[in-house]
Structure formats: C-alpha cells, structure tokens
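Only one structure is covered here, and it is reproduced in the block below.
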Amino acid sequence: MVRKYVNWAAVVVSLVLLIASVAWLYKEAQWAQWSPSGDDVQAQQLAAFTYGSIGLEVLPLKYAAVIGTVSRSAYIMGTEDDRSIWDTYGFLPNPAANDDADPLCAVNAEQKLPYGFNVTNYLPKIAQKTPLEFVGLSCAACHSGTLHTEAGTTTEIINGMGNPALDVIAFTDVVRSAVLDPTLTTTKIIEAYRTNCKDIDGLGFVPRTFDETVDRVMIWAWLRAARNQISEDTAKEGLPYHGAQLKDAKFMPAGPSRTRPFRSIIRVALELPGEENFAYSKIPAVFEQRVDLRPRSQYDGSIADPVTRSFVAAYASGTSLVSLSKPEMEFNIRSAAGYTEELGISVPVDKFVDLFPNEAPTSDQVKDGLEVYKLHCAACHGYRPIEGDRLWAAKGEKLHQVSLLKPVDRTTPIGTDPERIMFRYSNLLVQGLTTILPGWDEDLEKQRESLKQAKLEATAQGQLAEADLWVGHLERLNLSARQFRLGHPLYFPETDVSDEVGYINNPIPYAYLRAPYLHNGSVPTLRQLINLDERPQSFCRGDNDYDPAAVGLIAPPPDSNGVCPPGLPFLFDTGARGNSNQGHNYPWAYQGADWNEKDLTDLLAYLKTL
Amino acid sequence: MSDTAVSTDGNADPAHRPEQIILTLLLFSGSAAFAVFGALATDNVDFFRTHATAWTSALLATPAFYIFARHFARAGLNHWWRLFWTFGWLMIVIHFYFGLGIMHFWDPVSVFQRQGFAVAGPIFLLQVTWLIDIGLAFIRRDWRFSTGWYKWWQLVAYLIAFLNFFVSLLVFQNDIQSLVIGILMTLVVVAALVQRWSDGEHAHE
C-alpha cells in the first residue's frame with residue numbers, strides 16, 4: 001500500500017516538474033514578445049531612443065510604484081521639499097501622463113513613469129524573461145531635457161540634450177540603499193502596492209490572485225538576488241551614501257548633469273576599483289553624430305563608431321553583455337545610435353529662436369558673429385552657414401584633431417581640466433574594452449593574440465600584476481566566446497576605440513542646448529565660456545533655471561557660509577580636483593589682451609543660431 | 001540493476017516493475033526542472049540551460065553505459081538500460097534545442113565553422129544514431145540479445161554516444177561540472193568493464 005502511494009507521489013511530482021518546465025519555457029516566449037514595430041525606420045529609432053530597453057532594468061514595477069513610501073528614508077535628503085523620488089533626482093515628468101491624481105500603478109506605468117523609462121519583463125542584468133514587470137532606463141532618461149526660465153516658461157522635452165538636472169549617480173546610491181534596507185520585504189512592497197493600486201488595477205475583488213502569488217515569489221527572488229549582488233559590489237564600490245550626503249560634493253562629487261563614466265567602465269571592463277577616478281563628464285548632447293561630421297566621438301575622440309559609443313555608454317551604465325546580446329537590446333542600441341546620427345539633421349530639433357523668440361539675435365549681429373567665429377573658432381569646430389540648408393560645414397584645419405596632453409607638465413594645450421584623460425588605468429582601457437566583446441573566428445583569434453601580446457609586454461616591463469590582469473582577461477574572453485558562440489552581436493574591431501590623451505575638436509551643433517559648458521560642466525553659461533562674463537569660482541547646481549540671454553544655467557553662488565539653497569543643493573567648486581573651469585580661452589581670456597565686448601556679443605549671437 | 005522477472009524466451013521483453021519507469025521519469029523531470037529553473041539564478045540563462053542539459057543527459061545515460069558495458073552480448077540488456085538510454089536521449093534532444101536553436105540560432109553551418117568538422121560532425125551524428133537506436137530498441141524484439149548487423153549497430157551507437165560525452169566532458173574540460181561528470185561516467189564504464197571481465201572469469205571456473 002505504502003509502495004503504491006510512493007509511486008503515485010513520484011508520478012505526480014514528475015508530472016508537476018515536467019509541466020512546470022514546459023509551461024515556463026512556453027510562457028517565456030510570451031512574456032516579452034518583441035519585433036521591430038512597423039517599417040518606418042525613423043519611428044523605430046525614436047522609439048528605441050525614448051523607451052527602448054537597453055538592459056538597464058532597475059526595479060520591479062510594483063516596487064518602483066511604491067518606492068516613495070516604502071523606501072522614503074533611502075532617498076530623502078533633508079535639504080529639499082517633499083518631491084517625488086523621480087523629481088528629486090532630476091528625471092523628467094512624462095508628457096504622456098494625465099493630470100489626474102492617480103498614483104503610479106501597473107496599468108498606467110508607461111504614462112506615469114518619468115520620460116525615458118520603460119516597462120519590460122526582463123530581469124535586471126541578465127535580461128531573462130519573467131512574468132514580473134520591471135522598470136528600466138532608456139537612452140532618453142539621460143539624453144533629454146527641458147529648459148525652464150525664471151519667468152516660469154518650460155519647453156517641451158528636447159531629445160538629444162544632456163539632462164541638466166539629472167543626478168544619476170546619487171539616484172544609483174538611493175536604489176542601492178533602498179534595496180539593502182533590512183526592513184524592506186516582499187510583503188511590505190505588495191501590501192503598499194495593493195493599498196495604492198487596488199482600485200486602479202482592479203485588484204479589489206480578489207486580493208490574492210494567482211498573479212499576485214507569482215509576483216510575490218518573483219519579487220522575493222529578485223530582492224534576494226539584488227541584495228546579494230549589491231553586497232558583493234560594495235567591496236568595489238563602498239557603501240552607498242544617504243541623506244544630505246547625496247547632494248554633498250564632498251561625498252558625491254559628480255552632482256547634477258554629470259557622471260563618472262570612467263570609474264564605471266574601469267569597474268566593469270577591467271574589474272578594478274574606480275574610486276581614485278576624478279574624470280567627471282557632463283552627460284553629453286548627442287546631436288548630429290553622423291560619422292562624416294563626427295568621425296570620432298566622446299570628449300577625447302576615443303570611439304569611432306556611433307554604435308560602439310552607444311554600447312560603451314550602456315555598458316558603463318550597468319547593463320551586461322548578456323543583456324546586450326538579446327536581439328531586442330541589440331536592435332535598440334543600433335537604432336538609438338542611428339537616431340543620434342540624424343538628430344538635428346533629418347530629425348528636427350528646436351532652434352533657439354523657436355524657443356526664445358524674444359532673445360533672437362539680429363541678422364547683423366549674427367553676420368558679424370560668424371566672422372568672429374570663423375576667425376577664432378571654426379578652425380577647430382567647423383561652422384554652420386547662416387543661409388541655405390544650414391548643414392554643418394565640417395571644415396577646419398584643426399577639426400577632428402585631438403589636442404594632446406603635453407607630456408612635460410601634464411596640461412592640455414587648450415588648458416582645460418586634464419583629469420578626464422589622465423586617470424589611473426586609462427592606458428589599459430583600450431586593451432580591456434576591445435577584448436570585452438568576443439568576435440568570431442579570425443576576429444576572436446586576433447583578440448586572443450592581442451591579450452597574449454599585452455601580457456608579454458607587461459611581463460617584459462616588470463608589470464607583473466598587469467600581466468596577470470591580461471591572463472584573467474583572456475580567460476574571461478574565452479568564457480564569453482563560449483557564451484556567444486557566433487561572436488557578440490555588438491562586437492567591434494579594435495580600430496573603433498583608441499587611447500587619446502587629449503580633447504578632440506568636434507562640431508558643436510545646438511550649442512545653446514549644451515549648458516553647462518566644457519566637458520566637466522564647470523562653466524554655467526555660454527557667455528562665460530567665451531569670456532564675455534567672468535567664470536564663477538563656485539556655484540549652486542540642481543534643477544537650475546535657464547537664462548536665454550546668457551545662454552545657459554542660472555547658477556547662483558553659495559551664501560557666505562558656502563551653503564547652497566535647498567532647491568539647488570549641490571555646491572560646484574571649480575577648485576576641486578576634476579572641476580577646473582580654466583582653459584578654452586577663445587577668442588580671448590576674460591578682459592585680457594584684445595578682449596572686445598562687441599565682438600564677443602556678436603559671437604554669442606551667432607552661437608545662438610548653431 | 002536486474003529485471004525482476006526473466007522471460008523463458010530470451011528475445012521476449014521481460015516483465016518490469018512500474019518503479020523503473022517512475023524512477024527514471026522522476027530523474028528526467030528533475031533534470032529538466034533543474035535546467036529550466038536553475039538557470040534563473042545564473043548570469044546567462046541560455047548558456048546554463050545548454051550546459052545543464054548536456055550534463056544531465058550524460059548523467060541519465062551513465063547507468064545505461066554501465067549496463068551496456070557489462071551485459072552487452074553476455075547476460076543481455078534490460079529495462080533499466082532501455083529507460084535510462086531513452087531519457088538520456090530525450091535530454092540530449094533538449095540540449096540540441098538550446099545548443100543549436102538558441103545558441104546558434106538554428107544555423108548548423110555555424111556549428112561546423114566554429115567547432116570544426118571533427119568535433120561538430122560526431123555531435124550531429126550522435127543525434128541520428130541515438131534516435132535510431134532508441135527506435136530500434138522499442139520496435140525490435142531482440143533488443144536485449146541482438147545478433148547480426150543489429151548487434152554491431154548497437155555497439156557503434158554506444159561507442160558514438162560514449163565518445164561524444166567523453167570528448168565533450170573530459171577532453172574539452174569546459175567547466176568543473178563537466179569534468180566531474182566526465183570522470184564519474186568514465187569510472188562507471190571502467191568499473192562495468194572490470195566486472196564484465198570478472199563475470200567472464202567466474203563463468204570459466
């Protein structure tokens with residue numbers, strides 16, 4: 001009798017396991033069905049840029065919906081008013097959202113989440129399809145923004161500009177803190193979500209549906225895995241900052257509109273700590289990235305291909321090679337790169353005069369300004385004609401050249417801050433990056449050979465630890481080659497990336513949308529950049545108003561105690577390492593020899609038209 | 001492992017207990033669930049599933065390798081052999097789906113390009129020979145005591161399967177799991193051959 005029951009139990013267990021396995025595999029295909037939408041390439045590219053997944057899923061949707069209540073202590077800084085987590089860190093309100101008072105819930109998430117967010121069924125990091133919905137960031141979350149003036153006007157969202165208010169590094173620490181919170185539980189999330197959304201999602205009648213049980217299991221598993229991952233990463237990244245530290249430059253030195261891309265890329269590509277890295281970079285504008293206009297991108301011109309540039313940006317932001325190997329993510333990376341190539345050319349971008357007609361310069365000023373520009377700026381940046389189709393003229397004797405760092409005193413020829421190009425491990429990055437995505441066949445062999453060569457060279461120079469680094473990198477490449485059997489779909493040749501110890505001279509389309517200026521965002525306005533006004537030594541940053549007259553951000557100085565107001569809490573000190581606002585004194589240094597207010601005013605007028 | 005009842009007709013199917021089917025089914029189901037759900041805790045789900053199905057196919061086939069090495073052309077094969085051989089094959093079919101379908105996007109040519117003919121050829125050959133061997137084991141009455149060409153066929157099918165696993169798991173040494181399973185599988189077969197020799201010695205005494 002017992003034997004019979006055991007047999008039946010075994011049969012039942014077998015069938016349950018089999019059916020569950022088959023059903024899971026079947027449903028996987030349903031949870032995140034994807035194919036490029038329609039035949040309109042520009043529409044596909046816009047969609048990829050604004051809400052396409054690039055593997056940057058962050059939180060379960062149901063947790064994101066209630067993070068403001070269940071994890072409030074992780075994001076409140078004590079220096080600001082009662083804003084939402086998204087507003088606090090500078091994400092853009094979604095123009096698709098209704099004005100109703102409904103909270104963010106699953107049914108309205110795509111409208112209520114900030115602009116540039118997406119909702120997918122992909123697990124963070126591995127892009128595995130699951131029944132649980134996740135919230136992720138697309139390119140537009142960082143590379144889009146609005147301009148609001150003191151007069152109270154706000155532009156519509158402008159794709160392609162760096163978001164001047166976004167404090168993405170502080171937001172990352174908030175998420176890390178929130179997830180590590182020992183009091184955060186699945187039940188807490190589900191209960192809070194049910195309280196907020198039961199009427200909106202229609203969960204009122206049957207509170208414990210099958211779906212909710214699945215959500216519970218999945219959120220539990222995600223929370224456990226995320227905590228393990230973050231705990232593991234603290235060895236390399238340290239504990240996250242919290243409270244007022246999140247907007248304090250002493251702790252979080254990047255601040256609004258800037259990132260620390262090389263700290264990130266060193267961590268992921270070389271698996272080394274990046275804490276000693278002071279290479280702060282403004283979130284760049286991504287207009288007119290076509291390779292005939294911009295054969296090499298990044299501030300140092302280190303990347304040739306727009307797709308490779310987009311890959312590196314996504315990879316440094318936290319996506320994984322596995323995620324980027326999925327057809328949807330690969331398509332979105334390629335399409336978003338394509339979008340930036342045409343953005344400002346065949347894809348229209350608002351001109352300065354469209355947004356600020358009262359500040360429109362006169363045609364005489366513009367004409368005179370072009371002459372000043374041609375004399376002092378065009379050799380490096382090319383120019384935009386003031387008549388005709390106004391396509392950027394990529395002509396100039398120094399255009400596309402890299403102004404190399406002087407080896408003697410480690411300064412740049414244009415005098416700007418050198419930290420962006422001379423950080424520790426920068427000399428290893430090209431080797432690391434070009435062997436991170438396995439190629440196929442001969443390309444893979446070349447990658448292996450280059451790593452073996454790098455190891456030999458390091459050994460010959462007595463750099464034994466570096467030699468060991470390349471041994472580890474070769475093992476990593478070989479494992480990757482097994483995982484991506486036909487090569488990684490975003491593989492790029494080594495010629496796409498180079499080690500440029502200097503800043504590249506590139507075109508500057510839509511200059512009025514590039515504030516704050518210089519690669520490190522150390523100059524708030526264009527007037528200050530061309531030295532028509534003196535550059536401030538320290539100023540306050542946050543969600544600053546835009547000044548169309550000065551073409552840039554209104555960034556007030558701190559009070560006499562060196563403290564910034566609550567709405568603009570981040571104190572930008574240009575004396576701090578990596579923050580220098582010196583250099584690029586073109587046409588002339590402020591009130592130096594030949595300084596000419598009339599010419600500079602005309603130049604500013606012309607720059608408004610770019 | 002021996003059948004509980006022995007037929008008086010050497011070629012007739014012996015009786016078998018339901019536990020034999022239930023146990024092998026349970027092992028197969030557990031292996032499938034391990035591959036499908038265990039992958040969710042890894043960095044690369046498809047990669048893990050491809051490997052896990054190969055590991056578990058080898059593990060399921062190992063008892064069949066043992067029985068074959070010890071009893072083929074001697075005491076005769078049995079139900080355990082046929083069941084483990086069948087579920088091992090089913091798992092290799094799932095492996096084939098992940099390996100060719102997911103990892104190689106259903107492009108068999110790329111498998112040959114990547115692995116070379118000497119490695120890829122036997123892998124594809126295995127899919128055919130194992131399938132045919134399973135079919136024959138279920139339609140021929142003499143599957144336990146094969147004779148003539150069928151006997152040679154069973155031997156060849158066995159060798160192709162064993163050598164495929166041996167090379168994939170032990171020679172390539174892709175990971176520690178493969179190495180351990182490969183060593184286990186080989187030791188089991190060596191033990192079976194030693195026992196086969198020992199059985200022969202005792203038969204002569």
Side-chain angles (χ1 to χ4, degrees), chain A residues 3-4 6-29 122-132 217-218 221-222 224-225 228-229 320-323 325-327 438 440-442 444 475 478-489, chain B residues 17-54 56 87 90-91 94 97-116 120 168 172-175 178:
Chain A
R3 191 168 139 187
K4 194 176 163 189
V6 171
N7 281 352
W8 273 111
V11 169
V12 170
V13 170
S14 300
L15 291 178
V16 166
L17 289 175
L18 261 187
I19 291 168
S21 301
V22 172
W24 185 275
L25 288 178
Y26 172 75
K27 290 296 284 182
E28 268 187 6
Y122 291 116
L123 265 179
K125 281 283 182 194
I126 60 173
Q128 174 57 26
K129 299 167 189 173
T130 73
L132 190 64
V217 172
M218 293 302 302
W222 166 79
R224 202 161 169 269
N228 286 342
Q229 182 66 55
S320 69
L321 302 188
V322 173
S323 297
S325 72
K326 305 286 178 188
W440 157 251
D441 205 14
E442 286 177 9
L444 177 62
E475 285 170 12
N478 285 333
L479 177 62
S480 270
R482 288 175 52 219
Q483 295 193 6
F484 310 110
R485 303 278 168 108
L486 308 181
H488 194 285
Chain B
R17 294 206 314 245
E19 283 86 348
Q20 290 180 303
I21 296 176
I22 292 169
L23 178 65
T24 46
L25 175 67
L26 186 62
L27 289 172
F28 172 76
S29 307
S31 301
F34 167 70
V36 171
F37 297 109
L40 300 178
T42 67
D43 290 339
N44 190 333
V45 170
D46 297 332
F47 185 62
F48 179 85
R49 285 176 180 164
T50 305
H51 279 243
T53 48
T56 50
F87 283 115
L90 274 175
M91 195 52 82
I94 301 173
Y97 165 74
F98 284 112
L100 182 63
I102 305 294
M103 302 298 281
H104 280 269
F105 306 102
W106 295 111
D107 178 11
V109 175
S110 69
V111 182
F112 283 90
Q113 284 175 329
R114 184 176 179 276
Q115 301 189 321
S168 302
F172 289 162
Q173 293 189 17
N174 284 325
D175 46 53
S178 299

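Just the heavy atoms: all of them, side chains too, but no hydrogens, waters or symmetry mates, feed the values below. Note on naming: letters A, B, ... go to the chains in the order of the sequence lines (proteins, then strands), and numbering restarts at 1 for each one.
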Exercise. Under a 4.5 Å heavy-atom cutoff, which of B:Val45, B:Thr50, B:Asn174 has the most pairs with chain A?
Worked result: B:Asn174

Exercise. How long is the gap from CD on B:Glu19 to CG on A:Asn7, to the nearest 0.5 Å?
Worked result: 4.0 Å

Problem set entry | Segment of A:Asp441 engaging chain B (4.5 angstrom heavy-atom cut-off) | neither

For this session: Could you check if a side-chain atom of B:Asp43 sits within less than 4.5 angstrom of a side-chain atom of A:Lys125, using non-hydrogen atoms only?
Result: no

Exercise. So with a 6.0 Å cut-off around OH of B:Tyr97, is the heavy-atom count from everything else above 12?
Worked result: no

Expected list for residues 22-36 of chain B: side-chain donor-acceptor pairs under 3.5 angstrom, two or more places apart:
from, atom 1, to, atom 2, distance (Å)
B:Thr24, OG1, B:Gln20, O, 2.7
B:Thr24, OG1, B:Ile21, O, 3.0
B:Ser29, OG, A:Ser14, O, 3.2
B:Ser29, OG, B:Leu25, O, 2.8
B:Ser31, OG, B:Leu27, O, 2.7

Exercise. Do A:Gln128 and B:Leu40 have side chains that get closer than 4.5 Å, going by heavy atoms?
Worked result: yes

Exercise. Heavy atoms, side chains only, cut-off 4.5 Å: are A:Ile126 and B:Phe48 in contact?
Worked result: no

Problem set entry | Interface moiety of A:Ala225 toward chain B, non-hydrogen atoms closer than 4.5 Å | neither

For this session: Just jot down the side chain to side chain contact (heavy atoms under 4.5 Å, CB included) partners of A:Pro327, sequence neighbours excluded, or say none.
Result: A:Trp34

Problem set entry | Heavy-atom check, side chain of A:Arg482 versus side chain of B:Asn44, under 4.5 Å | no

For this session: With the side chain counted from C-beta on, respond yes when A:Leu25 and B:Phe98 share a heavy-atom pair under 4.5 Å apart, and no when they do not.
Result: yes

Problem set entry | Donor-acceptor contact below 3.5 Å, side chain B:Arg114 vs main chain A:Arg485 | yes

Problem set entry | Option that, when pairs with chain B are counted at under 4.5 Å, heavy atom only, ranks first among A:Ile19, A:Val322, A:Leu123 | A:Val322

For this session: Heavy atoms only: give me the nearest B:Phe37-A:Ala20 pair and the separation to one decimal.
Result: CZ-O, 3.6 Å

Exercise. In terms of side-chain geometry, is the basic nitrogen of B:Asp46 or A:Lys326 positioned less than 4.0 Å from the acidic oxygen of its partner?
Worked result: yes

For this session: Determine, stepwise, if the pair B:Phe47 / A:Leu479 fulfils side-chain contact (heavy atoms from CB on, under 4.5 Å).
Result: CA-CA 11 Å; B:Phe47 185 62; A:Leu479 177 62; 4.1 Å; yes

Problem set entry | Side chain / backbone / both / neither for B:Thr42 at chain A, heavy atoms under 4.5 Å | backbone

